[in-house]
Amino acid sequence: MDIPPLAEVRRRTEKQRDAWWTVLLVDPVATPLVRWTAKWTRLSPNQITWGSLILGLLAAACFAQGDWRWLAAGALVYHCSFILDCMDGKLARLTGRGSEFGAWLDYIFDRVRVLVCAIALMGGQFRSTGETAYIWLALTVVFLDMLRYLDALEIRKVRQGMRKKLLLRADATALADGEDPSDGPAEQRRPEPEADAEARASGASTPRISTPRLFFTRFPGYVRFRDFLVDHRIRTHLISGIEFQMAVFIIGPLTGAIVGVTIGAGVLLLLFELALVYRLLLATREFERVMASYGPEDLSTAQPADSASGASVTR
């Protein structure tokens, strides 16, 4: 396989926006390694995923010792594990060898790594100090990691459901008005529900959901901050799951402040999740306003809500 120069590899493999920890501390190492791996080895993305898990288990073994030198070693190995965790996806994008099973494997191994490292880190500290607070911290870390993933899945499900309902309603309205909604696939004719307000200002006649417009109206200073981060490829989710993991398994062990760092990171992660829920609330309100703008729904042609949205009706 002809491997392109590093600049092209960066363009192909690095996400347009990513966590600040990944952009600043992982990509500068992972991307050159991905190019080298693709050029000189036959390693597959799934093999790298397995390597990431093995290093994660090794980090857990270090954490379990409890001594500060082992904690520092565990933090270093954990960071190496995360580098490999980022490399598998990059290698898949560069070589075209990605698979649905590989995505599942990466997801499951991530959860296993967090679970095992949390138990090992806090269990090692409990064995060394006898402080029961570490037991509660282990449960907290596992709970927050689970919560953020469940929250992300449900938010995505709700957004997709709103988008599909909006597309179906727009097409039904177009048919009722004698228009032809078959100019192209509905998924291509309209943007995501969270499309920027420019789409509305461009003269398009179809109402669209624009969560950022509502959010930016309430927090105007946020736009400048967001633009600065975007210019540096950093997403605005500054305290998301990745930063939470790095705080617990790298910063805490290296600084010797495991309790304080874990509690602080946990609080910030919860605030971040609340911000996501708030944005979802704004999106649902805008969705209801847009749906109402179409007028009363013709129930004779409407599909059931669960069929139209593609979302489960059980919660």
Side-chain angles (χ1 to χ4, degrees), residues 1-59 75-114 117 145 148-149 152-153 155-156 160 187-188 191-192 194-196 226-247 249-250 272:
M1 178 179 179
D2 186 21
I3 305 301
L6 182 59
E8 178 63 15
V9 173
R10 292 188 188 279
R11 187 189 69 81
R12 292 187 189 182
T13 64
E14 293 180 354
K15 296 178 181 178
Q16 186 176 6
R17 280 185 286 179
D18 212 335
W20 66 264
W21 186 282
T22 302
V23 172
L24 301 178
L25 299 176
V26 176
D27 281 351
V29 177
T31 305
L33 282 177
V34 164
R35 183 178 185 274
W36 183 91
T37 301
K39 186 173 183 178
W40 298 108
T41 76
R42 295 184 178 181
L43 290 174
S44 69
N46 286 355
Q47 288 172 327
I48 293 182
T49 303
W50 276 99
S52 174
L53 175 65
I54 291 172
L55 285 184
L57 297 178
L58 181 58
L76 177 62
V77 175
Y78 191 90
H79 186 63
C80 292
S81 172
F82 185 68
I83 290 176
L84 289 184
D85 186 36
C86 293
M87 284 179 59
D88 57 7
K90 295 179 187 297
L91 185 63
R93 289 188 288 273
L94 179 63
T95 62
R97 298 169 66 187
S99 66
E100 296 301 321
F101 180 77
W104 174 86
L105 196 70
D106 182 57
Y107 174 84
I108 294 299
F109 282 3
D110 282 351
R111 309 284 62 74
V112 171
R113 180 178 57 191
V114 171
C117 285
D145 184 71
R148 72 185 182 90
Y149 269 95
L153 290 173
I155 287 177
R156 185 179 302 114
Q160 290 175 347
E187 300 295 329
Q188 298 177 9
E192 294 292 334
E194 200 174 358
D196 286 330
R226 179 208 61 179
D227 291 344
F228 173 80
L229 295 179
V230 169
D231 289 342
H232 293 81
R233 249 188 359 102
I234 298 174
R235 66 188 183 188
T236 55
H237 304 171
L238 294 180
I239 309 295
S240 62
I242 290 176
E243 291 80 15
F244 175 69
Q245 287 185 40
M246 302 308 132
F249 300 122
I250 296 180
F272 166 72

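- A donor-acceptor pair under 3.5 Å is absent between the side-chain atoms of Arg233 and the main chain of Val23, judged by distance alone.
- Between the side chain of Thr13 and the main chain of Leu94, no donor-acceptor pair closer than 3.5 Å is present.
- Between Met87 and the choices Leu43, Leu33, Thr49, the side chain to side chain contact (heavy atoms under 4.5 Å, CB included) rule is met once, by Leu33.
- Minimum heavy-atom separation, Leu91 to Pro45: CD2-N, 3.9 Å.
- The ring-ring contact (aromatic ring centres under 6.0 Å, His included) search around Phe109 returns Trp50, not counting sequence neighbours.
- Across every non-hydrogen atom of Pro28 and Arg10, the tightest pair is CA-NH1, 4.5 Å.
- With rounding to the nearest 0.5 Å, the separation of CZ in Phe101 from CG in Asp106 is 11.5 Å.
- Sorted by first and then second residue, the salt bridge (charged side-chain N to carboxylate O under 4.0 Å, His left out) pairs with a member in residues 78-95 read Asp27-Lys90, Asp85-Arg113; sequence neighbours excluded.
- The main-chain N or O of Phe228 is found under 3.5 Å from a side-chain atom of His232 such that the two form a donor-acceptor pair.
- In this structure, CD1 in Ile48 is found 12.0 Å from CD1 in Ile83, a value given to the nearest 0.5 Å.
- For Glu243, the salt bridge (Lys or Arg N to Asp or Glu O under 4.0 Å) criterion is met by no residue, not counting sequence neighbours.
- Across Ala19 and Ile242, no two heavy atoms sit closer than the pair CB-CD1, 3.8 Å.
- Atom-to-atom distance recorded for Thr37:OG1 and Gln47:CD is 11.0 Å, nearest 0.5 angstrom.
- Separation of atoms CG (Leu58) and OG (Ser81) is listed at 9.5 Å; rounding is to 0.5 Å.
- Nearest heavy-atom pair across Cys86 and Val26 is SG-CG1, 3.7 Å.
- Closest of all the heavy-atom pairs between Cys117 and Gly56 is SG-O, 3.4 Å.
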Audit row: Leu238, Leu229, side-chain contact (heavy atoms from CB on, under 4.5 Å) steps and yes/no: CA-CA 10 Å; Leu238 294 180; Leu229 295 179; 4.1 Å; yes
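- Using a 4.5 Å heavy-atom threshold, the side chains of Leu25 and His79 count as touching.
- Between Phe82 atom CZ and Ser52 atom OG the span is 9.0 Å, to the nearest 0.5 Å.
- Residues meeting the salt bridge (Lys or Arg N to Asp or Glu O under 4.0 Å) test with Arg11, sequence neighbours left out: Glu8.
- A side-chain donor from one of Arg235 and Ser240 sits under 3.5 Å from a side-chain acceptor of the other.
- Tyr78 is linked by a ring-ring contact (aromatic ring centres under 6.0 Å, His included) to Phe249, counting only residues two or more places apart in sequence or in another chain.
- Distance CG/Leu84 to CD1/Ile54: 10.0 Å, rounded to 0.5 Å.
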Would you check, one step at a time, whether the test side-chain contact (heavy atoms from CB on, under 4.5 Å) holds for Ile250 with Trp21? CA-CA 12 Å; Ile250 296 180; Trp21 186 282; 3.8 Å; yes
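- A search for side chain to side chain contact (heavy atoms under 4.5 Å, CB included) contacts involving Arg111 returns Tyr107, Val114, Asp145, Arg148, Tyr149, Gln245, not counting sequence neighbours.
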